[in-house]
Amino acid sequence: MQALLGIIFHSLGGMASGSWYMPYNWVNKWRWEIYWITGGIFSWLIMPYLAVVLTIPDWQWILQSAEGSVIRNTYIMGLLWGIGGLTYGLAIRYLGMSLGNSVLLGITSVVGSLGLPILRNIPGVADLLPSGLSFSDLFYSTGGRIVLLGIVILVVGIILSGRAGIIKDRDLAGNKEGVNEEFKLAKGLIIAVISGVLSAFFSFGIDTGKEMAEVARSMAVEQNYSFITENGNGFKYLFENNIIFFVILWGGLTTNFLWSLALILKNKTGGDFVDKKTPLLRNYLFCALAGSTWFLQFFFYGMGETKIGNGASSWTLHMATIILTANLWGFYRKEWRSVSRKAFNMILVGIGTILLSVIVIGIAKWLYPELNALG
């Protein structure tokens with residue numbers, strides 16, 4: 001039952017993540033940096049604050065009493081993730097919802113699942129990381145090898161999706177219009193790779209800040225909060241990860257605010273915030289919707305993580321649901337309307353391959369619960 005709830009929560013988070021960018025398409029006459037930081041205020045400041053205030057007992061005391069290294073390292077993970085989040089918007093701009101998310105989030109899934117295990121095999125580095133399984137542990141265990149098989153299948157799916165993008169670029173040639181007007185394959189793929197790698201630092205940040213979540217859990221149990229579950233390893237509090245998100249997202253806010261401010265000063269676009277020639281109320285509402293929906297992805301991810309852990313299955317399940325949802329939006333926006341049947345079939349096969357990888361990794365997690373220690 002707990003695993004089923006975890007799948008449901010991760011799926012809800014994935015659907016939110018695959019959908020949040022859509023409201024930006026209905027913002028009119030605002031430059032990119034204006035609507036990006038406006039929505040970001042809700043994503044990285046307002047919503048995390050509301051979540052931590054409403055769900056974490058004595059959250060201020062937890063932050064004040066936490067070791068400085070835990071706060072610092074979690075914040076740094078947020079800074080690095082913030083660069084990935086910043087470039088995410090550009091990748092979607094140049095590749096579209098469908099192709100952009102398939103490539104970008106596929107890469108994020110690989111790095112998020114294997115990044116820490118690989119680093120744990122490097123002498124001296126392992127001591128600086130949260131405890132967990134290393135890559136060699138995976139390689140020499142049956143469950144770990146099934147996970148690695150799933151990752152290989154995932155990489156194949158990324159390659160197929162990229163191939164679909166190449167065919168799409170050739171098909172469109174000089175006939176780019178509508179939703180494909182800004183389609184730029186080479187630039188988009190470079191940005192997607194950078195974003196995909198750095199976006200995985202959110203998963204690393206969750207592991208880095210685990211001590212704060214453990215304190216929040218203990219306090220929730222002591223104060224008899226609702227949404228406490230007990231398993232063979234002790235207790236879990238459904239919202240314990242909100243304190244981690246609060247710190248990570250301060251890092252993300254820092255990165256995105258500084259970059260957006262630089263663009264606003266460079267392009268002299270600050271007047272957009274109050275320009276009555278633009279639909280101000282409409283724009284603010286859609287930015288608020290985008291930013292709030294964005295936060296829900298990790299709000300539900302945190303709930304799912306309390307049910308099935310932050311290992312490979314959690315992160316990859318989350319990523320795959322995003323990819324599926326984003327591709328449905330891409331089909332809705334008719335991003336593949338003007339391309340050949342070959343390109344369309346290729347992206348479908350790519351998506352299917354990525355989803356197959358999730359099934360393989362999910363089976364490994366179900367058969368070998370010790371893989372919870374992977375993340």
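In this text the structure is predicted, and so the values were computed from the model without any measurement. Throughout, numbering of the chain's residues begins at 1 and tracks the sequence.
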Q | Ile151 vs Ser357 side-chain heavy atoms within contact, under 4.5 Å | A | no
(Q) Test of understanding: with side-chain contact (heavy atoms from CB on, under 4.5 Å), list the residues that count as partners of Leu198, not counting sequence neighbours. (A) Ile83, Ile194, Phe201
Q: Determine which pairs satisfy ring pair (Phe, Tyr, Trp, His ring centres under 6.0 Å) with at least one residue from residues 272-293, sequence neighbours left out, and list them in order.
A: Trp26-Phe286, Trp30-Tyr284
**Q.** Contacts of type side-chain contact (heavy atoms from CB on, under 4.5 Å), residue Thr325, not counting sequence neighbours
**A.** Met15, Ser19, Thr321, Trp329
Q. Side chains of Asp137 and Pro117: does their closest heavy-atom pair fall under 4.5 Å?
A. no
(Q) For residues 238-254, which residue pairs pass the salt bridge (Lys or Arg N to Asp or Glu O under 4.0 Å) check, not counting sequence neighbours? (A) Arg217-Glu240, Lys236-Glu240
Q: Tell me who clusters with Leu160, hydrophobic residues only, linked when side chains sit under 4.5 Å apart either directly or through other members.
A: Val156, Ile167, Met346, Val349
Q) What do the steps show when you test Ile153 against Ile354 for side chain to side chain contact (heavy atoms under 4.5 Å, CB included), and what is the final call? A) CA-CA 7 Å; Ile153 295 173; Ile354 291 172; over 6 Å; no
Q. If you round to the nearest 0.5 Å, how far is OG of Ser134 from CD1 of Ile122?
A. 11.5 Å
Q: For the pair Val215 and Trp61, evaluate side chain to side chain contact (heavy atoms under 4.5 Å, CB included) and give the outcome as yes or no after the intermediate values.
A: CA-CA 10 Å; Val215 175; Trp61 180 86; 3.9 Å; yes
Q) Roughly how far, to the nearest 0.5 Å, is CD1 of Ile62 from CD of Gln64? A) 10.5 Å
Q) Between Ser199 and Gly85, which heavy-atom pair has the shortest distance, and what is it? A) OG-N, 4.2 Å
Q) In Å, rounded to the nearest 0.5 Å, how long is the span from OG of Ser136 to CZ of Arg120? A) 11.0 Å
Q.
Within the 4.5 Å heavy-atom criterion, are Leu249 and Phe202 side-chain neighbours or not?
A. yes
(Q) Looking at every non-hydrogen atom in both residues, tell me the closest pair between Pro57 and Ala220 and how far apart they are. (A) CG-N, 3.8 Å
Q | Validation row: Tyr225, Thr55 side chains within 4.5 angstrom (heavy atoms) | A | no
Q) Taking all atoms of both residues into account, what is the closest heavy-atom pair of Lys342 and Arg163, and its distance? A) NZ-NH2, 4.2 Å
In a table with atom names and distances, give each donor-acceptor pair under 3.5 Å that connects a side chain of residues 254-266 to protein atoms at least two apart or in another chain.
residue	atom	partner	partner atom	Å
Thr254	OG1	Tyr75	OH	2.8
Thr254	OG1	Trp250	O	2.8
Thr255	OG1	Leu79	O	3.0
Thr255	OG1	Gly251	O	3.3
Asn256	OD1	Trp36	NE1	2.9
Asn256	ND2	Gly82	O	3.3
Asn256	ND2	Gly252	O	2.8
Ser260	OG	Asn256	O	2.9

Q) Which residue pairs pass the side-chain hydrogen bond (donor to acceptor under 3.5 Å, both in side chains) test with at least one member in residues 41-53, sequence neighbours excluded? A) none
Q: Answer with yes or no whether the side chains of Thr278 and Asp275 bring together a donor and an acceptor at under 3.5 Å.
A: no
**Q.** Short side-chain to backbone donor-acceptor contact, Thr353 and Gly157, under 3.5 Å
**A.** no
Q) When hydrophobic residues are tied together by side-chain contacts of less than 4.5 Å, even through go-betweens, does Val53 share a cluster with Leu50? A) yes
Q.
Checking one residue: Leu54. Which other hydrophobic residues are in its cluster under the side-chain 4.5 Å linking rule?
A. none
Q | Side chain Thr38, main chain Ile34, donor-acceptor under 3.5 Å | A | yes
Q.
For a side chain to side chain contact (heavy atoms under 4.5 Å, CB included) check, start with the C-alpha distance between Tyr24 and Cys287, then their side-chain angles and the critical distance, and finish with the verdict.
A. CA-CA 6 Å; Tyr24 284 144; Cys287 286; 4.0 Å; yes
Q. Once you round to the nearest 0.5 Å, how far does CG of Asn327 lie from CD1 of Ile351?
A. 3.0 Å
Q) Hey, what do you get for CE (Met77) to CD1 (Ile244), rounding to the nearest 0.5 Å? A) 13.0 Å
Q | Inter-residue atom distance Ile159.CD1 - Leu154.CG, 0.5 Å rounding | A | 10.0 Å
**Q.** Residue pair Ile71 / Met212, side-chain heavy-atom distance below 4.5 Å
**A.** yes
**Q.** Shortest non-hydrogen contact between Gly350 and Ser161, atoms and distance
**A.** CA-OG, 3.9 Å
Q.
What I'd like to find out is whether the side chain of Phe9 reaches to under 4.5 Å of the side chain of Leu238, using heavy atoms alone.
A. yes
Q. With sequence neighbours excluded, what pairs up with Phe139 under the ring-ring contact (aromatic ring centres under 6.0 Å, His included) test?
A. none
Q) Is there a donor-acceptor contact under 3.5 Å from the side chain of Asn73 to the main chain of Val70? A) no
Q) Which pair of non-hydrogen atoms, one from Ala216 and one from Tyr237, has the smallest distance, and what is that distance? A) O-CD2, 4.5 Å
Q | Distance-only polar pair, side chains of Lys210 and Asn241, donor-acceptor under 3.5 Å | A | yes
Q: Quick one: list whatever passes ring-ring contact (aromatic ring centres under 6.0 Å, His included) with Phe344, sequence neighbours left out.
A: Phe331
Q. Is there a side-chain contact between Pro48 and Phe246 (heavy atoms, below 4.5 Å)?
A. yes
Q: Could you check Phe299, Trp294, Phe295, Phe300 and say which one makes a side-chain contact (heavy atoms from CB on, under 4.5 Å) with Gln297?
A: Trp294
Q. Got a sec, which residues hit salt bridge (Lys or Arg N to Asp or Glu O under 4.0 Å) with Asp272, two or more places apart in sequence or on another chain?
A. Arg31
Q | For the student: nearest non-hydrogen atoms of Arg145 and Tyr140, plus distance | A | NH1-C, 3.6 Å
Q: Please answer: with hydrophobic residues joined when any side-chain heavy atoms are less than 4.5 Å apart, are Ile41 and Leu285 in the same cluster?
A: no
Q | Heavy-atom side-chain proximity of Ile190 to Lys187 below 4.5 angstrom | A | no
Q. Under the side chain to side chain contact (heavy atoms under 4.5 Å, CB included) criterion, do Ile206 and Thr74 qualify, and how do the steps go?
A. CA-CA 8 Å; Ile206 294 174; Thr74 305; over 6 Å; no
Q: Return the set of residues passing side chain to side chain donor-acceptor pair (under 3.5 Å) with Asp58 (not counting sequence neighbours), or none when no residue passes.
A: Gln223
